[in-house]
Amino acid sequence: MEETSTMPDAAVPGPAPAVPPTPPVPLAALLAREDLGLRQIAGPQDSATVIHWAHTSEMADPYPYLLGGELLLTAGVHVPEAAGSGTYFDDYVSRIVEAGGAALGFGVAPVHDTVPRALVVACDDYGLPLVEVPPRTTFSGVARAVWQLMAQARHTELRRVTEAQQSLAAAAARPDPVPSVLRQLAQRVGGRATLYAPDGGEVASAGRMPGAGGGGGGGEVSGALAGLVAVVRPTTRDGSGGVSASGGGGGPTPSSASDTAAGVHLAAYALGTGQGFVLGVAAPRRDPGDHTIASVGAVLLSLLTGEHQSSTGAARSSALVRLLLGAAPEEVAPLLGGGERWVVVHARPDGPAPDAVTASALGPALGSALVDVDGDVVRVLVPAGHRELTVQPGWTCGVSAPVGAHDWASADTQAGRALSRARATRARLVRHGEHQGLTDLVPPTEAAAHARTLLSPITANPALTETLRTWLSLHGSWDRTAVALSVHRNTVRQRITRCATLLSTDLDDPDVRMELWFALRHA
C-alpha cells in the first residue's frame with residue numbers, strides 16, 4: 001500500500017534523521033481543536049508530548065516508514081479479524097514506539113465502528129498516546145491542523161527572536177553595555193549567560209543557572225559549561241609573541257558548540273575579537289530560536305569586547321571628533337591605524353536591507369571595523385594591502401581603487417559605481433580600474449581639461465552624465481543600465497538620446513564611445 005506523509009520534503013532514510021527546523025506541536029494543542037473533535041483514550045496524559053509531523057499508513061509494520069516524532073494516522077485497514085485474541089496489537093504498538101512515534105491516531109469508520117479494545121490496552125502498556133479520530137474528521141484535516149499549528153508556532157518564534165534582537169541592541173547602547181547584554185540574553189533564554197576571559201575566568205554573568213544547583217553556583221552544570229567554553233576558545237598569543245592553545249587538541253577550533261548536562265542545555269560561542277573571549281549560555285530548554293538569539297548576543301559582545309574596550313576604539317573616536325571639528329582626512333587617518341592607502345567597499349545583501357548587526361558582521365570579514373549603513377548599502381573603509389578582499393557570501397560588492405586619505409570621497413564614488421556595475425552584470429565583486437590602459441599614459445591634468453571641454457554640454461545635468469557613464473560601461477545595454485540605475489528602460493533611452501543631441505555626436509560610433517568613456521573616467 002502506498003505511504004503518504006505531510007512532511008515538507010521527501011525524506012531519505014538514514015541512520016539518525018534529524019527533526020525538521022519547524023517547531024514541534026504539543027499534542028494537547030491538537031486535542032484542543034474543537035473543529036477536529038479528537039479525543040485521547042489511552043497512553044500518558046503528558047503536556048510535554050509533541051509531534052513533529054503527521055503521517056498516514058495502513059501498513060501492518062509501519063516501522064520502515066517512520067522517522068520519529070510522528071502522529072501516525074490509521075483507519076485499521078491492516079488489522080486482521082482475529083487481531084484482538086493474539087499479539088497483533090502488542091507487536092504493532094511496540095514497533096511504533098521503537099521507531100520513535102509520538103502518538104497514534106485511530107480513525108473510526110468506515111472499517112471499525114470503535115477503537116479495538118486490545119489496541120487501547122497495548123497503547124497503555126507501551127506508554128503511547130492513542131487518539132480517537134471521529135468519522136467526521138478526515139486524516140488530511142488532521143494533517144492540515146498540524147501544519148497550521150506549526151505555522152503559528154513558527155510565527156510566534158520569529159516574533160520572539162525579533163523582539164530579542166531589538167532588546168539586545170538596546171542593551172548594547174546602555175552605559176554598562178556588557179552586563180546589560182548578558183542580563184537581556186539570560187532573560188530571553190530563561191537561564192544564565194556568562195562572558196569568559198581568555199584565561200577561562202568569568203568576566204561577568206547574569207541570570208540563574210538552571211538545574212539541580214540553581215542560583216548560579218558551581219556544580220555539574222557550571223563545570224560542564226566551563227569545559228564547553230574551553231573547546232571553542234580560540235588560539236591566542238601571549239604577551240611575548242608566543243602561541244598558546246586554549247582549546248586543547250590539534251586542528252582548528254569550532255566557533256560554537258553545544259551540549260547537555262543534568263538536563264540543562266549548554267552552548268558556547270567564541271567571540272570574533274581574536275582575543276579569546278567566549279560567551280557561555282545555560283538554559284533549561286532549547287527552543288528553535290534560542291541559537292539565533294544567543295548568536296546575536298555573541299556578535300554584540302564581540303563588538304563590545306573588541307572595539308569599545310580597546311585603545312583602537314578610543315583612537316577612532318578621537319578621529320571622528322577631529323573630523324567633526326574640521327580636521328582634514330589625511331590628518332586623522334594615522335589614528336585609524338590603516339597606513340597610507342585605503343579602499344572603500346560598497347556592499348549590498350542578497351536579502352532584506354541590512355541592519356546594524358548584519359553590517360557589523362561584514363566589517364570584520366573585510367578586515368575593518370569602520371562600517372556605515374546607508375539605506376540598503378553597507379559602506380566599509382578598509383586599509384589597503386592588509387587583507388585580500390574576496391567575494392563575501394550573500395553580498396554583492398563594489399571596491400574602489402586604493403587611495404590616500406585625501407581621496408576618500410572619490411573612492412566612495414568609485415565604489416558606488418563599481419557596485420552598480422556588479423549588480424547590472426550579476427557579478428559578486430567588481431573593482432574600480434583593475435587594469436591599466438593607454439588612457440593612463442595621458443597626464444591627468446590634460447585628460448581632465450579635455451574631459452571638461454568634451455562633456456560641457458551635459459555636465460550641468462548629473463543624471464545625464466551618470467546615465468551615459470553607466471550605459472557605456474555596460475556596452476549600450478538598455479536593460480542592464482536600467483537595473484544599475486534603478487530606473488525604467490525608457491528613461492534610459494530618453495536620457496541617452498538627449499546626450500547624443502546635446503553632444504552633437506553619433507553614439508553608435510565605437511570611436512565616439514571610446515572617447516566619451518575616456519572623458520568620463522577623467523571628468
Side-chain angles (χ1 to χ4, degrees), residues 23 48 153 156-233 246 254-273 275-309 356-357 360:
T156 300
E157 191 68 6
L158 289 174
R159 184 172 57 187
R160 183 176 78 93
V161 170
T162 300
E163 292 173 351
Q165 289 175 330
Q166 294 171 346
S167 64
L168 286 168
R174 291 177 58 87
D176 55 342
V178 171
S180 295
V181 170
L182 291 173
R183 283 195 299 270
Q184 192 61 233
L185 179 57
Q187 177 183 339
R188 293 291 173 172
V189 301
R192 187 173 180 84
T194 304
L195 177 63
Y196 290 86
D199 61 2
E202 292 190 13
V203 176
S205 62
R208 296 174 60 87
M209 182 69 76
E220 179 184 353
V221 177
S222 295
L225 181 58
L228 191 64
V229 165
V231 171
V232 303
R233 183 176 297 114
S246 308
S255 59
S256 65
S258 60
D259 200 357
T260 303
V264 177
H265 296 274
L266 309 176
Y269 302 84
L271 304 189
T273 62
Q275 301 175 12
F277 288 95
V278 179
L279 169 65
V281 179
R285 63 186 185 280
R286 189 169 181 82
D287 292 330
D290 286 341
H291 174 69
T292 301
I293 294 173
S295 296
V296 172
V299 169
L300 293 172
L301 290 170
S302 296
L303 296 173
L304 295 171
T305 56
E307 174 68 14
H308 297 291
Q309 298 182 5
V357 174
S360 66

Residue pair [X] / [Y]: nearest heavy atoms and the distance that separates them:
X	Y	result
A171	S180	O-CB, 3.5 Å
G297	L279	C-CD2, 4.3 Å
P198	R233	O-CD, 3.1 Å
L168	I293	CD1-O, 3.7 Å
A193	L185	CB-CD2, 4.0 Å
L266	A261	CD1-CB, 3.9 Å

Please examine the side chains of [Y] and [X], heavy atoms only from C-beta on, and report whether any two atoms are closer than 4.5 Å.
X	Y	value
L301	F277	no
L225	Y196	yes
V278	L271	no
D290	R160	yes
L182	L195	yes
R192	R208	no

Partner residues of [X] under the side-chain contact (heavy atoms from CB on, under 4.5 Å) criterion, sequence neighbours left out:
X	answer
A226	none
P179	D176, R183
Q166	T162

Requested in this report: Output all residues satisfying ring pair (Phe, Tyr, Trp, His ring centres under 6.0 Å) with Y269, sequence neighbours left out; order by chain, then residue number.
Outcome: H291
Report summary line: Hits for ring pair (Phe, Tyr, Trp, His ring centres under 6.0 Å) against H265, two or more places apart or cross-chain, chain-then-number order -> none
Query raised in the report: Does R285 have any side chain to side chain donor-acceptor pair (under 3.5 Å) partners at least two apart in sequence or in another chain, and if so, which?
Result: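 So R285 forms a side chain to side chain donor-acceptor pair (under 3.5 Å) with D287.
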**Report entry** Gap between atom CE of M209 and atom CD of E220 - 0.5 Å precision
**Finding:**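 Separation between the atoms: 11.5 Å.
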